[in-house]
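What follows is one structure encoded as structure tokens, with my remarks underneath.
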Amino acid sequence: MENEQPVQKALQKYEDVDSWKTVIFLYNSALKEVGTRLEILNDEFQHVHQYNPIEHIKTRIKTPESIVKKLKRYGKETSIENMVKYVNDIAGVRLICSFTSDIYQLAEMIGNQSDLKVLSIKDYIKKPKESGYKSYHMLVSVPIFLSDSVVHTKVEIQIRTIALDFWASLEHKIFYKFEGNAPDYISQDLRECAKMVSELDDKMLSLNNAIQACLVEGTNEISAPPLEEITENVIGNRRPHGKFVHTRKL
């Protein structure tokens, strides 16, 4: 396609306009583009299968403070050029779904978008971080159609279940307070909580599959292990010890 260009080149077109405002305009446009596509995919899935895999969508633009911190962590000078080149999650979309099986189904549907390019994938579902963090990350390049050009803009898409999002949100708040230096026992407890959350996700997926099988077979008898097991594990494992801003509910 003619006049295709990355964000860096597009900035030259707007050299008489504030560069920061131009960058934010482009990333906000990318979020709108991705958000609309996801809503359409979700509506189509509901239309065909009578089931919507996306519970809700959260979007955000990284704050200037967070961008500067990341550039310093990378050992890069603070500049608009470096920000666009090295910070891949300036525009972020978080998809919250019901079951772990939805995560890979959504990732496949996103990857099948013909004019959307998947730049990289980080699967923290199969290989969680040491902290216990689990999520599926996709870095994509999305075309923004302007008056006389098409600008390809990076957007990070995170896909996780409701339970995983609950854990990740609280883990972020806790570590933010300690600035990444939480006591060892807190880190250990967070890892244990992450394990419980994974067990809960597995249990809910198993229960949902059992329900679907019963519906197909036309019976009301559901064979699945009792949920009380998880509750007992959660209570038994306790030991006493002395920013996405926009949400669309689908």
**OP:** Would you kindly check if the NZ (Lys) or CZ (Arg) of K129 is within the cone defined by 45 degrees around the ring axis of Y133 and under 6.0 Å from the six-membered ring centre?
**Re:** yes
**OP:** For atom CD of E130, decide whether the heavy atoms of other residues, nucleotides or ligands shown that lie under 6.0 angstrom number more than 12.
**Re:** no
Original post:
How many angstroms lie between CG in N28 and CD1 in I90, if you round to the nearest 0.5 Å?
Top reply: 11.5 Å
**OP:** State yes or no: do L106 and L116 share one hydrophobic cluster built from I, L, V, M, F, W and Y residues joined by side-chain heavy-atom distances below 4.5 Å, directly or via other members?
**Re:** yes
Original post:
Is the count of non-hydrogen atoms from other residues, nucleotides or ligands lying under 6.0 Å from H49 atom NE2 greater than 12?
Top reply: yes
Original post:
So, does D102 use its side chain to make a donor-acceptor pair with the main chain of F99 at under 3.5 Å?
Top reply: yes
**OP:** For K154 and N88, run side-chain hydrogen bond (donor to acceptor under 3.5 Å, both in side chains): C-alpha distance rounded to whole Å, both residues' side-chain angles, the deciding distance at 0.1 Å, then the answer.
**Re:** CA-CA 6 Å; K154 290 183 290 188; N88 291 326; 2.6 Å; yes
Original post:
Any side-chain donor-acceptor pair under 3.5 Å between E44 and Q46?
Top reply: no
Subject >> I24-V34 co-clustered via ILVMFWY side chain contacts under 4.5 Å >> reply: yes
Original post:
According to a 4.5 Å side-chain heavy-atom criterion applied to Ile, Leu, Val, Met, Phe, Trp and Tyr, with indirect links allowed, do I162 and I159 form part of one hydrophobic cluster?
Top reply: no
**OP:** For residues N82 and T78, determine if any side-chain heavy atom of one lies less than 4.5 Å from a side-chain heavy atom of the other.
**Re:** no
Original post:
If you round to the nearest 0.5 Å, how far is CG of L95 from NZ of K58?
Top reply: 11.5 Å
**OP:** Using only heavy-atom distances, determine whether the side chains of S19 and T22 contain a donor-acceptor pair under 3.5 Å.
**Re:** no
Original post:
So, N42 versus Y51: side-chain donor-acceptor pair below 3.5 Å or not?
Top reply: no
Subject >> Salt-bridge criterion met for R37 and E33 (N-O under 4.0 Å) >> reply: yes
Original post:
Salt bridge check: are K134 and D123 linked by an N-O gap of less than 4.0 Å?
Top reply: no
Subject >> Donor on one side chain, acceptor on other, D201 and T161, under 3.5 Å >> reply: yes
